[in-house]
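A quick write-up on the structure given underneath.
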Amino acid sequence: MAKLRVHADRIEVQLTPTEKSLALRGADVVIQRDDIRSATITDDPWIWIRGIRRRGTEVPLVLAVGTWKTHGGHDFVVVKGKRQAVVLELAGGEFNRLILSTAHAAELVDRLKVAPTPDAVTESISTEGADAADSADAADSADEN
């Protein structure tokens, strides 16, 4: 599953080699934090996918990875099954919107609201379900900030 890395100035969606192949994309997705207009958590990410698949792979209600063309631009989608997802509305850049399945949606939205400190540590969030050890590590790193 893709990993989300939250930096002080940007968010990186690090795609696995399989996801890059399915999305027909060679590079990870990088979004500037200043470009994020809103973040929404949804239990049904499939209703948020709009437009026509331009580059990528889709198996309805199972997997959607890639770029969707809309009237206003492009959306980037990494949706798997019926997992919870975060929808990021963007003001500029390559995409108008990101739709990402993640087991840590609330944690991601909370980290996006926090004003970064000068010595902010880069946070990594896996979009895959975390076990108890990973949750404990995430809590420890959040306490350090």
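Positions are given from 1, in the same order as the sequence printed here.
Results of the salt bridge (charged side-chain N to carboxylate O under 4.0 Å, His left out) test with D75 over R53, R54, R97, K69 single out R97 as the only residue that passes.
Closest approach of A85 and A105 over heavy atoms only: O-CB, 4.4 Å. The minimum heavy-atom distance linking V109 with A39 is given by the pair CG2-CB, 4.0 Å.
Side-chain contacts under 4.5 Å among hydrophobic residues (ILVMFWY), followed directly or transitively, place W68 together with W46, I47, W48, I49, L61, V77, V79, V87, I99.
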Point to revise | F76/L90 under side chain to side chain contact (heavy atoms under 4.5 Å, CB included): CA gap, chis, key distance, verdict | key: CA-CA 11 Å; F76 189 77; L90 307 172; over 6 Å; no
Review point. Checking side chain to side chain contact (heavy atoms under 4.5 Å, CB included) for the pair T40/V86: CA distance, chi angles, key distance, verdict?
Key: CA-CA 6 Å; T40 305; V86 173; over 6 Å; no
Practice item. Could you walk me through whether V78 and E19 pass the side chain to side chain contact (heavy atoms under 4.5 Å, CB included) test, one step at a time? Key: CA-CA 8 Å; V78 180; E19 289 167 334; 3.9 Å; yes
Practice item. Go through the steps for D43 and Q84 under the test side-chain hydrogen bond (donor to acceptor under 3.5 Å, both in side chains), then give the verdict. Key: CA-CA 5 Å; D43 290 329; Q84 195 174 50; 3.1 Å; yes
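Here the straight-line distance linking atom CG of D9 with atom CZ of R33 works out to 8.5 Å at 0.5 Å rounding. Summarising the geometry, atom CG belonging to L24 is positioned 6.0 Å from atom CZ belonging to R55; distances are rounded to the nearest 0.5 Å. To the nearest 0.5 Å, atoms OG1 (T102) and NZ (K3) are separated by 12.0 Å. In this structure, the separation between CG on L88 and CG on L98 is 5.5 Å, given to the nearest 0.5 Å. Atom-to-atom distance recorded for H7:NE2 and I31:CD1 is 12.5 Å, nearest 0.5 angstrom. Note that OG1 of T70 is 10.0 Å distant from CD1 of I52, once rounded to the nearest 0.5 Å.
Using a 4.0 Å cut-off between a side-chain N of Lys or Arg and a carboxylate O of Asp or Glu, E94 and R25 qualify as a salt bridge. With salt bridges taken as basic N to acidic carboxylate O contacts below 4.0 Å, one links K20 and D28.
The 12-atom threshold is not exceeded at NZ of K82, counting heavy atoms of other residues, nucleotides or ligands nearer than 6.0 Å.
Under the 3.5 Å distance criterion, the side-chain polar atoms of N96 are matched with a main-chain donor or acceptor of G72.
Within the 4.5 Å cutoff, side-chain heavy atoms of V30 are placed close to those of Q32.
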